[in-house]
Amino acid sequence: MNASDNEKIFQSLMKNQWTAKTYNSSLAEALQQRFNLPEITARIMAERQITCDEAEAFLYPTLKHNLPNPFSLKDMRKAAERMAQAVLAGEPVGLMGDYDVDGATSTALLKMFLESCGIQVFCFIPDREDGYGPNSQKMKEYKEKGCTVVATLDCGTTAFEAIADGEALGLDVLVLDHHDPDATHLPNAYALVNPKRLDEDIHHPCRYLAAVGVVFLFTVALNAILREKGFYQSRTEPNLMIYLDLVAFGTVCDVVKLSGVNRLFVKSGLKQMRTGQNLGLKALAEMVQIKEPPDSHHLGYVFGPRINACGRVGKSDIGMHLLSAKDSMQATILAQELEELNNMRREIESAVLQEAVQQVERAGLHTPFIVVEGHNWHQGVVGIVAGRLKDKYNLPVFALSIENDEVKGSSRSVQGVDLGVLVMNAIQRGILSRGGGHPMAAGFSLKESNLSAFKQYLLENIKPEMLVSDGQKQYFDAVISISGVTDSLMDSLTLLAPFGESNPEPIFMIKNVSITRSLLLRNGHISCTLKAPNGVSLNAIAFRSHDTPVGQFLLNQKQTPIYAVGTLKREFWRDKKRIQLQLIDIILP
């Protein structure tokens, strides 16, 4: 890249302003020399401000050296000792998880571990109509089944009523969660393990764990206590490493930061996934005909939507049963069922999205957020619709499904607006009945009679100045030519993986190419071929681009010189490996 490319701002068809990321060249050189790295790898690490002291843990994290002490989390020892007591006494245990991938992986992981200890386990994943989190009726059922301990997984931090009811029944409720707590108090659980607790150190290495990461550390703690108490003297101690594929899966799909412990979990989990020991994940890979070793992209965009589909339009516990399957035939049947549900979800989503876009276009964009609503919109797709609208309009979106006098909502945000805080404050004011979430995504419910008050609350609490002003400013990592897209380059990038939140896939600008072929595929994807002046070509694909300026250009403007912006992927095509550009944007020079 020449100096002018480092400083220039490139205007794109998608109205983005692309510019090169800045980096410390001295740091890049030091990283390259100290760790014997390819130049491009060292440069991208420097762009991400990874220092020489941090590089070892970033490039080569190990469980032996980088796994935090589970007992450093508040209530972890108390929770693990109580569960150990149940295991030693042979008491049945009840589990309650959330209906997303994080909840399914958390529940499947703890279920399999407890069953390996010979314990009877009852599992509950609520359907959408049941609402988010644990409920009092299930507490009563678990008590009747003889449970003395119930663990809530990826939920429970704000489930005050259900947990109080469980404790009143004589159940010891263990909360293993990672959602933002109420600002004033915690539920009256026997133990609450959550790195987001307000009395936890804000710099704790576990602060940004997904729930499945918290649950894995709980099994590490539980296993250690059982070992101390001699539980394994007469039985084989389970190998906890076999659960890391589930930890990686839930971590990627919950879009938490892939740094520190999360990076360790995903990197280790992807390695474990290649063994094919988890029959459910193996069945999913076979269902979608993935021939290459799965990576974080497969987890987030191929496997994840299928597990989520059962929580959106089907029976919510199918994903959990798949991920904990002990029989290959059962796993195959469940994977097929998820595929059918995912196809159904796509059809429902398409219809709701079309109606939602029409609402936005009719109303216009007069506020720094968007609210769309529909009577009897399927609750399972409003979150996806909110995400699609957020991407389209670059504003926080609240998508609401109204049924009878109840409103169920899902929201997606942009930088500057913290939905987790927004929802918790609305609950405290009595505007929302319940809810929870993260800065970028949240779910909630309210009475229809409070709908006007909720919209007014949003007007008062989301101001235009809160939104990041350079929302259309985008950064690429480097400029390369098609001739530079080689296996050697891809090997260099592999050192930076896994990619995800806070460690995104490197974005490249490929200058001076033209489109020689384009083809509209299913779901609005467009496949095309890019060609350089020297005749070298590269296959590319632009996902869901048919109704965008990029898609229309690809279909109608052959031979026009362009700069292509995107990420690079290895893929299998006709049983051969090839490199493909996943096109994000186009710049007209």
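Throughout, residue positions are numbered sequentially from 1 according to the sequence presented.
- Counting heavy atoms from C-beta outward, Met466 and Pro368 have side chains that stay 4.5 Å or more apart.
- The distance from atom OG of Ser410 to atom CG of Leu419, rounded to the nearest 0.5 Å, is 9.0 Å.
- Remark: Lys271 does not engage Asp245 in a salt bridge, criterion side-chain N to carboxylate O under 4.0 Å.
- Enclosure of atom OH in Tyr60 by more than 12 non-hydrogen atoms of other residues, nucleotides or ligands within 6.0 angstrom is indicated.
- For the atom pair NZ (Lys390) and CE (Met440), the distance works out to 6.0 Å, reported to the nearest 0.5 Å.
- A salt bridge is absent between Arg570 and Glu292; no separation between the charged side-chain nitrogens and carboxylate oxygens falls under 4.0 Å.
- For the residue pair Gln474/Gln17, the side-chain donor-acceptor check at 3.5 Å is not satisfied.
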**OP:** List the steps, then state whether side-chain contact (heavy atoms from CB on, under 4.5 Å) holds for Asp254 with His178.
**Re:** CA-CA 11 Å; Asp254 224 49; His178 72 136; 2.8 Å; yes

**OP:** Show your reasoning for whether side-chain contact (heavy atoms from CB on, under 4.5 Å) applies to Leu588 and Tyr563.
**Re:** CA-CA 6 Å; Leu588 299 180; Tyr563 296 173; over 6 Å; no

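- When all heavy atoms of Arg263 and Phe58 are compared, the pair lying nearest together is NE-O, 2.7 Å.
- The backbone N or O of Thr62 sits nowhere less than 3.5 Å from a side-chain atom of His65 that would complete a donor-acceptor pair.
- More than 12 non-hydrogen atoms from other residues, nucleotides or ligands lie less than 6.0 angstrom from NZ of Lys267.
- Note that CD of Glu29 is 10.0 Å distant from CG of Asn24, once rounded to the nearest 0.5 Å.
- Thr567 is not listed as a side-chain neighbour of Leu581, based on a closest heavy-atom distance of 4.5 Å or more.
- Between the side chain of Asn262 and the main chain of Lys257, a donor-acceptor pair closer than 3.5 Å is present.
- Just one residue in the list Val193, Asn69, Leu209 forms a side-chain contact (heavy atoms from CB on, under 4.5 Å) with Leu217, and that residue is Leu209.
- Atom CD of residue Gln582 and atom CD1 of residue Ile541 lie 7.5 Å apart, to the nearest 0.5 angstrom.
- Looking at Val565 and Leu583, their side chains never come closer than 4.5 Å, going by heavy atoms from C-beta outward.
- When all heavy atoms are compared, the tightest approach of Ala442 to Val423 is CB-CG2, 3.8 Å.
- With Asn66 contributing its side chain and Ala57 its backbone, the two residues share no donor-acceptor pair below 3.5 Å.
- Within 6.0 Å of the CD atom in Glu39, the count of heavy atoms belonging to other residues, nucleotides or ligands does not exceed 12.
- Using a distance-only test at 3.5 Å, with no hydrogens or angles considered, no donor-acceptor pair links the side chain of Ser413 to the main chain of Pro396.
- Proximity of a side-chain donor or acceptor of Thr41 to a complementary backbone N or O of Leu37 within less than 3.5 Å is not detected.
- You'll find the side chain of Leu530 stays beyond 4.5 Å of the side chain of Ser537, heavy atoms only.
- Below 30°, between 30° and 60°, or above 60°: for Phe476 and Trp18 the angle between ring planes is between 30° and 60°, a tilted geometry.
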**OP:** List the steps and the verdict of side-chain contact (heavy atoms from CB on, under 4.5 Å) for Ile462 and Leu422.
**Re:** CA-CA 9 Å; Ile462 302 179; Leu422 202 69; 3.9 Å; yes

**OP:** Go through Ile579 and Lys569 one step at a time and tell me if the side-chain contact (heavy atoms from CB on, under 4.5 Å) criterion holds.
**Re:** CA-CA 6 Å; Ile579 303 172; Lys569 291 277 193 181; over 6 Å; no

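- When all heavy atoms of Arg43 and Asp477 are compared, the closest pair comes out as NH2-O, 2.8 Å.
- Side chains of Asp177 and His179: a donor on one and an acceptor on the other come within 3.5 Å.
- Here the NZ atom belonging to Lys531 is positioned 13.5 Å from the CG atom belonging to Leu538, to the nearest 0.5 angstrom.
- Although no hydrogens or angles enter the test, the distance criterion places a donor-acceptor pair under 3.5 Å between the side chain of Arg48 and the main chain of Pro504.
- Listed for the Asn503 side chain is a donor-acceptor partner under 3.5 Å among the backbone atoms of Leu496.
- Side chain of Ser518 to backbone of Leu554: a donor-acceptor contact under 3.5 angstrom is found.
- Checked by atom type and distance alone, the side chain of Asp100 never pairs as donor or acceptor with a backbone atom of Asn308 at under 3.5 Å.
- Side-chain contact annotation: Asn523 with Arg544, donor-acceptor N/O pair under 3.5 Å absent.
- Side-chain contact between Ser411 and Phe444: present, with at least one pair of heavy atoms (C-beta onward) separated by less than 4.5 Å.
- Between Asn194 and Thr157, the side chains place a donor N or O and an acceptor N or O closer than 3.5 Å (distance only, hydrogens not considered).
- The pair Arg388-Glu349 counts as a salt bridge, with a side-chain nitrogen and a carboxylate oxygen less than 4.0 angstrom apart.
- By the 30° and 60° cut-offs, the orientation of the rings of Phe249 relative to Phe303 is perpendicular.
- Aromatic pair Tyr243/Phe216: centroids not less than 6.0 angstrom apart.
- Remark: Lys21 fails to qualify as a cation-pi partner of Tyr475 under the 6.0 Å distance and 45° angle criteria applied to the six-membered ring.
- Atoms NZ and CD, on Lys291 and Glu571 in that order, are 11.0 Å from each other to the nearest 0.5 Å.
- Contact of the Phe10 side chain with the Thr19 side chain is not registered, since no non-hydrogen atoms from C-beta on lie closer than 4.5 Å.
- Using modelled atom types and a 3.5 Å distance limit, the side chains of Asp585 and Asn16 yield a donor-acceptor pair.
- At least one donor-acceptor pair under 3.5 Å links the side chain of Thr105 to the backbone N or O of Asp102.
- In this structure, Arg517 and Ser527 have side chains that are in contact, with non-hydrogen atoms separated by less than 4.5 Å.
- Of all the heavy atoms in Phe35 and Ala55, the pair that sits closest is CE1-CB, 3.5 Å.
- Smallest separation of non-hydrogen atoms from Thr158 and Asp182: CG2-N, 4.1 Å.
- Of all non-hydrogen atoms in Pro439 and Asp418, the two that sit nearest each other are CA-OD1, 3.3 Å.
- The side-chain heavy atoms of Ser72 and His204, taken from C-beta on, include a pair separated by under 4.5 Å.
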